[in-house]
Protein chains: 2
Amino acid sequence: MSNGPCDTSGMADTPGPAEPSLEEQIAAYQREFQGLDPQVERVVSALSRLNRRMNVAYGRQTTELGISNAEWEVLKALVLAGDPYRLGPGDLAKRLGLTPAAMTHRIDRMVTEGLVTRERDETNRVRVIVGITEEGRDKWLDGLRMATVFEEELLQDLSGEERGQLGEMLTRLLRRVEEAQPDAGGRLSDLD
Amino acid sequence: MSNGPCDTSGMADTPGPAEPSLEEQIAAYQREFQGLDPQVERVVSALSRLNRRMNVAYGRQTTELGISNAEWEVLKALVLAGDPYRLGPGDLAKRLGLTPAAMTHRIDRMVTEGLVTRERDETNRVRVIVGITEEGRDKWLDGLRMATVFEEELLQDLSGEERGQLGEMLTRLLRRVEEAQPDAGGRLSDLD
DNA sequence: GCTTCGAAGTTTAGAGTTGAAGTCTTCAGG
DNA sequence: CCTGAAGACTTCAACTCTAAACTTCGAAGC
């Protein structure tokens, strides 16, 4: 299963200078560019690294399920859509932040893998309806269970109060950037 | 300039059900799967969405410079590496978290665009050395300046104390996931 | 009813990445 | 020396995504 952007094998990882640590990177920024607020830099860099690590973790989990992160995202969108658990390719593309063309191919794969179904709408034959199969729903649930374990582990060092503060601050940041960027914004590895 | 995973054009974005808001998504999770801690869910989802938005913003900035996020990352790695500002393709691949093959192609492009140079090491002719050009360094600096403006805007709602708390908590999370995941971890949209 | 416009999906060409295989260089033995 | 193994980079085929052209169907407008 070629696993989208989540495989970690095949990379150069023998000896030599690896990726600099967060501290090293902040120091290097200070060295090369005066006038950079280290506090801001720390928040932004940590955010970005954290996200990368989380996606690696999710990638390992979905690989274990025999699917890719990309496919799990489709399943998630269908489940979270609610009751009939069916959406058109266009809707899916919008929710996942990719082009309709990409959606077409993704659905092709997932249909052959038995994760979703594709049928034409009888009342409007231009429309296509994608539905989740039982197997698809099971995979989604398995993935979610693994994710919650990982997430609880990730946050284990934070007290309940800290978790609340963190969530509140992140939500505030998100609100700020969403109003500056009203459009849905392009793809780029979510999985939330 | 086809801009890696950062273009926002061409996506389906007309009417209809767009991406659910963070609140809607958390509610949907609660509905479909009992036993999910909403506090954890909020942190994780906000983190992920925030990162996506940030990458969209960075993508717009680098597009304005006539390069891609991917290329800017290579420039960043070279600058942050310090004094001779030169690294081998293998090192670069490790630092950016992609395969050597991808690095080869990326360097190809960047050489023809005049952003970096590629020469063979005289003392060990298996080795290749990639260096940054003056134009490359200028682009990096321009990108960094734009990024700092955006980042300051992003954090404008947080007091100095809050920024410190946020950075500290994120660093703690990062430390936790890094020790659980000692390898550098695969690609997946950084840019920090 | 026929035509035109728009919306929804699919198809096609090209960019970028991965994983595996291949090339070339260096180094350690025999 | 010559050989074999390991390392560094490149090449190749397959895959996924984007952007743009294309196809089809439905809704108006005349």
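What you are looking at is a predicted structure, and each value in this text was computed from that prediction instead of being measured. Chain A is the first sequence line, chain B the second, and so forth, proteins listed ahead of strands; every chain is numbered from 1.
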Protein-nucleotides 23-26 of chain C N/O pairs under 3.5 Å:
unit_1	atom_1	unit_2	atom_2	d
C:dT26	OP1	B:R125	N	3.3

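- In summary, A:R172 and B:E162 engage in a salt bridge, as defined by a charged side-chain N under 4.0 Å from a carboxylate O.
- Over its length, the helix from C:dG1-D:dC30 to C:dG30-D:dC1 turns its helix axis by 10°, as judged from the five terminal pairs at each end, rounded to 10°.
- If you check D:dT10, C:dG9, D:dC17 against the side chain of A:A70, the one that comes closest is D:dC17.
- The nearest whole Å value for the distance from the CG atom in B:L96 to the P atom in C:dT17 is 10 Å.
- Note: CG (B:D108) to C1' (D:dT10) measures 9 Å, nearest angstrom.
- Taking the nucleotide of DNA chain C with the nearest heavy atom to each of A:R127 and B:H105, the more 5' of the two is matched to A:R127.
- When distances run from any side-chain atom of B:L98 to the nucleotides D:dC9, C:dT17, C:dT10, the shortest one goes to C:dT17.
- Side chain to side chain, B:E24 and B:Y29 fail the donor-acceptor criterion of an N or O pair below 3.5 Å.
- The distance between atom CD1 of A:I129 and atom C1' of C:dG9, rounded to the nearest whole Å, is 13 Å.
- Between A:R109 and D:dC17 there is a side-chain N or O to OP1 or OP2 distance below 4.0 Å.
- One finds a side-chain N or O of A:R106 lying less than 4.0 angstrom from the OP1 or OP2 phosphate oxygen of D:dC17.
- Residue A:V149 is not grouped with residue B:L36 when hydrophobic side chains (ILVMFWY) are merged at heavy-atom distances under 4.5 angstrom, including chains of intermediate members.
- Note on B:R52 versus A:E73: no salt bridge recorded, every NZ/NE/NH1/NH2 to OD/OE distance being 4.0 Å or above.
- Between A:N69 atom CG and D:dC17 atom P there is a gap of 12 Å when expressed in whole angstrom units.
- As rounded to whole Å, 11 Å separates atom C1' of C:dA8 from atom NZ of A:K94.
- A straight line from CG of A:D121 to P of D:dG26 spans 9 Å, rounded to a whole angstrom.
- A 4.5 Å side-chain heavy-atom check between B:L47 and B:L170 finds at least one atom pair inside the cut-off.
- Atom-to-atom, CE of A:M110 to P of D:dC17 comes out at 11 Å; the value is rounded to the nearest Å.
- The distance between atom CD1 of B:I107 and atom C1' of D:dA8, rounded to the nearest whole Å, is 12 Å.
- Taking the six-membered ring where tryptophan is involved, the planes of A:F33 and B:W140 are perpendicular, since the angle between them exceeds 60° and thus also 30°.
- With sequence neighbours excluded, the residues forming a ring-ring contact (aromatic ring centres under 6.0 Å, His included) with B:F150 are B:Y58, listed by chain and number.
- Between A:E119 and A:R86 there is a salt bridge, with a side-chain nitrogen of the basic residue lying less than 4.0 Å from a carboxylate oxygen of the acidic one.
- Looking at B:E179 and B:R176, a side-chain N of the basic residue comes within less than 4.0 Å of a carboxylate O on the acidic one, giving a salt bridge.
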